[in-house]
Each structure stands twice: as structure tokens, then as C-alpha cells.
Amino acid sequence: MGQGEKDSADNLVSPSDDRNELQVEDLRVKERCFEQREALPGEPRCVICGRYGEYICDQTDDDICSVECKTALLARIAAETKIPVKAPARIKVPFGDESFCVRDNNFPDIPSLHASQIVSLRNKLDICVKGYTMPTPVQMQVIPASISNRSLLVSADTGSGKTASFLVPIIAHCSRRELQQCESKRGPLAIVLAPTRELCLQVEDQAKVLGKGLPFKTALVVGGDPLAQQIYRIENGVELIVGTPGRLIDLLMKHNVDLTDVSVFVLDEVDCLLERGFRDQAMQIFRALSCPQVMMFSATIHSEIEKLSNSLSNNMIHISCGNPGKPNKSVRQVVIWVESKQKKQKIFEIIKSKQHFKPPAVVFVSSRVGADLLSEAITAATGLEVISIHGEKTMEERRERLRRFLTGEVSVVVCTGVLGRGMDLLKVHQVILFDMPNSIDEYIHQVGRASRMGKEGVAIVFVNEEDRKLFGELAQVLKTAGAPIPRELSNSKFTSSISLGTDRKRKLSSRAHS
Ligand SMILES: Nc1ncnc2c1ncn2[C@@H]1O[C@H](COP(=O)(O)OP(=O)(O)OP(=O)(O)O)[C@@H](O)[C@H]1O
């Protein structure tokens, strides 16, 4: 019997039309079980009272005689499946790369699997797991929380696996929806915004890897690539769009993309997207969507960003893992005082030194022209092939250069902030901040390129008087990390409140008492 033809009285389904014909004398659904007759030999029996099982319970497929017995059946099932809720035991969550597994005694079937059973189950099901033996702390928290459909604001260390923590729920959501709907053309279900083309490229690649074999297609919408191709792809049906705000707005203004089904909106590097010139564009895209679940991520989220993010959702879950807002603990920060004129000489020395140069290395500078000039100068001084990546290069060049660096063809890249945030440069364990960035947040992100998933790295940072605007915060960051502070920095009047603050206070107050 079809769904629409169900008995209107409480969804009881008649098992057989033939039998109904024999029972024309009583078409009314039996409310109470005593209204039902006894079962004849060979007839179905009510699973509760044993009378004639005239109906099928729509929720369990059991034979049932009346509404009364259906209610009793459902109550019995609910009581049997109700799991006693114990107060959760306190779990000591380890830091960094310590391995641990949270076992949930409420679901005894899963935790009872022994390591050897897991191996044999994986063998039996042809499952091969490499690299991802368990979720990272941020994934442990974000993936289940995302199921609530509430918006999330997540801060976690650089290199701690935030990307997969939003891609896994997106892919699960998209493939579930895809399996249910079989339409050939459909609108996207999720949008991920990120501030740079390189980061979008990386996120889309990772989405493809994680969604392999599933009904899950992606479109990359970044400037520099032909718009027509991006539109063609979206029109042919994709589940996820990954893009930079500017190009996405451009595309949405010029073409009628159906965003009705977009139910997940991710802002990766949210502080950057809501702070710098991107905010209006990000908000414009948000307003084009109908109440999506918003997921926001960064290693640096401040109170202003928290306030701004609240305007995107009024029922937000805030998640913080590790030590966000600080440079990754796995990176040793070596800050050197170098006058501007000496910087080039210093970097040549480092790159020529077997002891100090640990390629592949990323060198951060503050300007595009600076990136080109420095890469040429290093090549001239050391003989090494060095490439530059920045926003003035064509997309094709940026892609090709990044590929050459990631595949190890070239061991040094000099770049502007385009590689500073989010880039997963797995083999890189050394970064050199030739120019200090404009803010301590960018410093945290750039330093973070030297370590992924707790691997040790080093960040060599050049500072001089020109960076005085950041002296206070830099000294604080170094002090917290236990890293050496150059004498010039600690003696500077801009850091006096940090290095001398407590002593001064004590002296003043003792004088006041005397
Ligand atoms: N569960 C896991 N097990 C092992 N490796 C993982 C796991 N999850 C992610 N990774 C890997 O860890 C690396 C860092 O992840 P990711 O780039 O997502 O970090 P992130 O937190 O977004 O960092 P950032 O703030 O710098 O953008 C990636 O190479 C990723 O493939």
C-alpha cells in the first residue's frame, strides 16, 4: 500500500486487500484490542495480544490488531532501547600529538572491538586507512557538534586539522542528500569561503580527496581562472563551491546561480574574512542564503570577531581547542635583530649554512616587488633556484609555482602573505620572516606554516626598529613561549611595560606605603 493511501487513523497499514474484502463488514480501524477477533489458523497474529493481526505497524512492520496494541508495541520498544544515561566520566584530554581514544560505554558494541578485531573488520570490508587513524581534537569536537545544525565558531591551533573538521560534515551532508534525491540538475548545498586563491585550491583538493567515490562534486570559484568554466561546472550540478569572496560575488551578480539549497556556509580564516576588505562581500553572500548553518574557523579569533560572528547566528556554539591566539608550540621561534640594510646578507648566510638552512623553506616578505627582488638575489648569491609567489602573478603562474614547490622541484619560495594563512605545506619545517607582517595575528599564521600536526619546526624572524608597532605583542608572545628575546627588543621603550612592568609597580607601591 502506498504512503498516501495509509489508513488515516494513526498510520496503520492494512496488510492485504484480499483479506479486507473478506472483512467488509468492519472497515473501521479497531481502536481497542478487545474489538478485534481471534486469529484464524494461518492468519497473522498481533505481536502484542495474539489476536488477528489485521494491520501492520508503520514504524516497525509488525503485525498488529489495533491502535491500542500499536501504542503498547511502540512503548515497549522505546523502553527496551532506552539506554541508561550515566554521568560521563571525566576524561583527561591530552595535549598536542598524544594519541587517545574516547570510548563511550553507552554504545557497548563499538568500544568492545579490540584492536585486532578492528584490523580484521577493516580487512573484511577492504578498508585501508593511512594517516588518519583517529580524528584530531578539533575534529572530535566539531564533527559531532555540526550535526546539531547550529552555527559554530571554532578557534584551534594552526595545523590542527580544522579543514577536515568542516569538510567531513559537509561531504556527509551532501552525499546523504544526493542519495535521497535523484534529480539530474541541482544547486549547490554548501559554500566555503577562504581569503586566498591558494587556500581555496587546497581546500577544494582536500574536499575531492575526502569525497572520493561519493556523489559529491565541487567547483572552485577564484579570480584568475576563466569565469565561463566555473559557471559551466556549477550549472552542471555541484554540491560544494569553494571560493574567494570577490570572485564569488562577481559570479553571483552576473549569473543566476540557484542558492536555495545551500544549507552550510563556511568562513575559513574567519577573522581575515570579517576584518579586511572582505567583510561586505562575505556578508553579501551570507544574505543571499536562506538561514544556513554557519561554520567559522581560525587560529586567531578575537572578541570583535566573536561579536561580528554573532550577527550571523544567534545560537552559536563556540569551540576552542589547544592554544589558539598563540604561535604553535611545535615551532621554535628564533627572533634576530637585523638592521634593514643587513637583512639580505643575513638571509644569504642562513641559506648557505648547512647547520641553519633546513629546506624546503618559505620566506615571507611584505611586498610583491620585494618577493621578486629577494628571490632573484638569493639565487644570485647562493646558486639555488628560488621562486616567488604573490598576487601580481597570473593564476596559472601561481598554480605552477606552488606545484613546483610542493613537489620538491624548488626548495625555497619567497612570498607575500598569500601563503601565510591556511596553507598546508606539509614538508616545510622552516620559515623565515624576512619582513615582520603587519599584525601579530599574521605573525602567528606565518610562523604556523613551519609545523603541521605537531611536527617540530623553526621560524627565523628578522626584526628591527621599523617593526616597533609590534614590539609589545611580539615580546609578550616570545615570553609566553619561553623563546629568547633579543636585547634590542627587551631594552626598547615599546616593551618596557612587559619586561619591567611588575618591578615598577612594586617599587611605586612600596614608596607609596612609606
Ligand atoms: N585526523 C587526522 N589525522 C592525521 N592527519 C590529519 C588529520 N586531520 C588532518 N590531518 C592533516 O593535518 C594537516 C593540517 O591540517 P589543516 O591544514 O586542516 O590544519 P588547520 O588547522 O586548518 O591549520 P591552519 O590554521 O594553519 O589552516 C593536513 O596535512 C591534514 O591532512
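Read the numbers this way: they start at 1 and go in the same order the structure lists the ligands and their atoms.
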### Task
Examine Gly161 against ligand 1 and note whether any of their N/O atoms are separated by less than 3.5 Å.
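It does: an N or O of Gly161 is found under 3.5 Å from an N or O of ligand 1.
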### Message
Using a plain distance cutoff, I'd like to know if Gln202 has any nitrogen or oxygen under 3.5 Å from a nitrogen or oxygen of ligand 1.
### Response
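Looking only at distances, the answer is no, because the N/O contact criterion of under 3.5 Å is not met.
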### Task
Measure the CZ-CD1 distance between Arg287 and Ile285 for me, rounded to the nearest 0.5 Å.
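Here the interatomic distance stands at 10.5 Å.
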### Task
Would you mind checking if Glu396 and Arg399 are paired as a salt bridge, meaning a charged N to carboxylate O distance below 4.0 Å?
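No.
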### Query
So, do Pro327 and Tyr443 sit near enough that their side-chain heavy atoms are less than 4.5 Å apart?
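Yes, side chains in contact.
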Under 4.0 Å from a heavy atom of [X]: give me the atoms of ligand 1 that qualify, with their elements.
X      : answer
Asp157 : 21 (O)
Thr136 : 1 (N), 2 (C), 7 (C), 8 (N)
Lys162 : 18 (O), 19 (O), 20 (P), 21 (O), 22 (O), 23 (O), 24 (P), 25 (O)
Met134 : 1 (N), 2 (C), 3 (N)
Gly422 : 27 (O)
Glu269 : 27 (O)
Thr163 : 16 (P), 17 (O), 18 (O), 22 (O)

Heavy-atom donor-acceptor pair, [X] side chain to [Y] backbone, under 3.5 Å:
X      : Y      : value
Asn310 : Glu306 : yes
Glu397 : Thr394 : yes
Gln202 : Asp424 : yes

#### Entry: Contact partition for Asp424 relative to ligand 1, non-hydrogen atoms under 4.0 Å
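It is the side chain that gets close, since no backbone atom is under 4.0 Å.
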### Task
Record the part of Arg449 in heavy-atom contact with ligand 1 below 4.0 Å; permitted values are side chain, backbone, both and neither.
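The answer is the side chain.
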#### Entry: Pair Asn328, Ser330: side-chain N/O donor-acceptor within cut-off below 3.5 Å
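Checked: Asn328/Ser330 side chains pair up, N/O donor to acceptor below 3.5 Å.
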Just to check, does [X] reach to within less than 4.0 Å of ligand 1 when the distance is taken from its heavy atoms?
X      : value
His445 : no
Pro135 : yes
Gly159 : yes

### Task
Check Pro360, Ser451, Ser411 against Val428 for a side-chain contact (heavy atoms from CB on, under 4.5 Å) and give me the one that passes.
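Among the candidates, only Pro360 passes.
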### Task
Please list, chain by chain and in numerical order, all residues satisfying ring-ring contact (aromatic ring centres under 6.0 Å, His included) with Phe265, sequence neighbours excluded.
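Here no residue qualifies.
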